[in-house]
Amino acid sequence: MLDVKKIRLILELRESGISDSKILSAIEKIPRERFIPENFRNQAYDNLALPIGDNQTISQPFVVAKMTQLLEVEASHKVLEIGTGSGYQSAVLSKLVRRVYTIERIKNLLVKAENIFQELNISNIVLKYADGNFGWKEQIPFDRIIITAATSSISKEVASQIHEGGIIVSPMVQENKQIIVRYTKINNVLKSEVFDDVLFVPNLSGTQ
Ligand code: SAH
């Protein structure tokens, strides 16, 4: 049953403009149901954000696919994610790049995600419990950075941890809505392009 729904979801993503077959295949490989609490598992392949506890959500598959496509990742890349949440976005990226570094500010979610990566034998994701807005300076520079919580401005630390030509994709709060923005670092300045409207939980400071 989940398999039929998964195929339907992949077709839906393709029709919505996700044309990169490597991304569709990564989504096909990662069992989204494993990142979702048991009582919502029958909806794992619906194109919906779902609750994961601690007042947080696993992102909608379309948004995961779209942000991944905007990141333009390559197999050799080192990617930083801010906002591990369920771990699903990291797991999708782990099939596409060399290594994923992911930061989460809620300890409970970080521990759950780490266990799922182990159960799925995913070994190229490194996790850190911290406020992600300070980035991960021991691992700089990153080829790509993805922020998966609604952010009002990219911190100077995060902006400095991406190398020249690198890309940051983030949901940005603008007036009373959120939009996906892609920043490309050109001559040390972030040039921005705006994409879809989205709805993410907020980027908060500190840890809990
Ligand atoms: N990428 C996630 C989406 C998670 S929702 C997934 O695939 O499931 C956003 C997550 O960002 C939440 O777990 C929230 O706790 C975390 N978050 C919010 N602000 C943060 C910050 N400053 N540093 C690290 N994590 C943050």
Side-chain angles (χ1 to χ4, degrees), residues 9 13 18 23 26-27 29-37 40-41 43-71 73 79-97 100-117 119-120 122 125-139 142 144-159 161 168-173 178 180 196 198-208:
L9 174 66
L13 294 177
I18 309 303
I23 295 176
I27 288 176
K29 279 188 207 132
I30 300 296
R32 189 169 183 257
E33 67 276 16
R34 299 289 285 273
F35 297 84
I36 290 172
F40 289 105
R41 278 198 187 150
Q43 296 178 75
Y45 295 101
D46 292 349
N47 197 4
L48 293 173
L50 294 167
I52 53 169
D54 294 282
N55 286 322
Q56 306 302 318
T57 51
I58 179 173
S59 307
Q60 186 191 359
F62 171 72
V63 174
V64 171
K66 178 76 191 203
M67 290 176 77
T68 306
Q69 187 160 280
L70 290 174
L71 266 186
V73 293
V79 179
L80 173 67
E81 178 191 36
I82 299 171
T84 314
S86 67
Y88 179 70
Q89 170 79 69
S90 293
V92 169
L93 284 168
S94 78
K95 298 291 176 213
L96 298 165
V97 304
V100 181
Y101 295 85
T102 184
I103 309 178
E104 173 56 55
R105 63 178 292 281
I106 301 178
K107 185 76 186 215
N108 189 31
L109 293 176
L110 184 98
V111 170
K112 279 202 263 182
E114 189 161 30
N115 287 334
I116 302 168
F117 299 152
E119 287 164 18
L120 297 178
I122 297 175
I125 302 178
V126 192
L127 301 99
K128 172 166 154 161
Y129 172 55
D131 176 345
N133 293 319
F134 295 101
W136 195 326
K137 67 174 186 316
E138 296 76 10
Q139 299 298 344
F142 293 99
R144 300 290 185 258
I145 299 179
I146 179 168
I147 304 177
T148 61
T151 298
S152 35
S153 68
I154 305 291
S155 69
K156 64 177 190 320
E157 288 85 352
V158 168
Q161 293 183 14
I168 303 176
V169 174
S170 176
M172 299 302 294
V173 180
Q178 300 175 15
I180 300 178
D196 309 55
V198 280
L199 196 55
F200 274 84
V201 294
N203 183 335
L204 301 174
S205 54
T207 52
Q208 83 183 54

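Note that ligands are numbered from 1 as they come in the structure, with each ligand's atoms numbered from 1 the same way.
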Can you give me a line-by-line list of nitrogen or oxygen pairs between ligand 1 and the protein shorter than 3.5 Å?
unit_1, atom_1, unit_2, atom_2, d
ligand 1, 1 (N), Glu81, OE2, 3.0
ligand 1, 1 (N), Gly83, O, 3.0
ligand 1, 1 (N), Thr148, OG1, 3.0
ligand 1, 7 (O), Gln89, N, 3.0
ligand 1, 8 (O), Ser86, N, 3.1
ligand 1, 8 (O), Ser86, OG, 2.6
ligand 1, 13 (O), Glu104, OE1, 2.8
ligand 1, 13 (O), Glu104, OE2, 3.3
ligand 1, 15 (O), Glu104, OE2, 2.6
ligand 1, 19 (N), Asn203, OD1, 3.4
ligand 1, 19 (N), Leu204, N, 3.0
ligand 1, 22 (N), Asp131, OD1, 3.1
ligand 1, 22 (N), Asn133, ND2, 3.3
ligand 1, 22 (N), Asn203, OD1, 2.8
ligand 1, 22 (N), Leu204, O, 2.7
ligand 1, 23 (N), Gly132, N, 2.8
ligand 1, 25 (N), Arg105, N, 3.4

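- Between the side chains of Thr148 and Gln89, no donor-acceptor pair of N or O atoms lies under 3.5 Å.
- Between Arg32 and Tyr88, some side-chain heavy-atom pair lies under the 4.5 Å cut-off.
- Between Glu104 and Lys112 there is no salt bridge, since no side-chain N of the basic residue sits under 4.0 Å from a carboxylate O of the acidic one.
- Asn203 and Thr151 share a donor-acceptor pair across their side chains, judged by distance under 3.5 Å alone.
- With sequence neighbours left out, the side chain to side chain donor-acceptor pair (under 3.5 Å) criterion links Glu33 to Tyr45.
- Here Glu114 contributes atom CD and Tyr129 contributes atom OH; the two are 13.5 Å apart, rounded to the nearest 0.5 Å.
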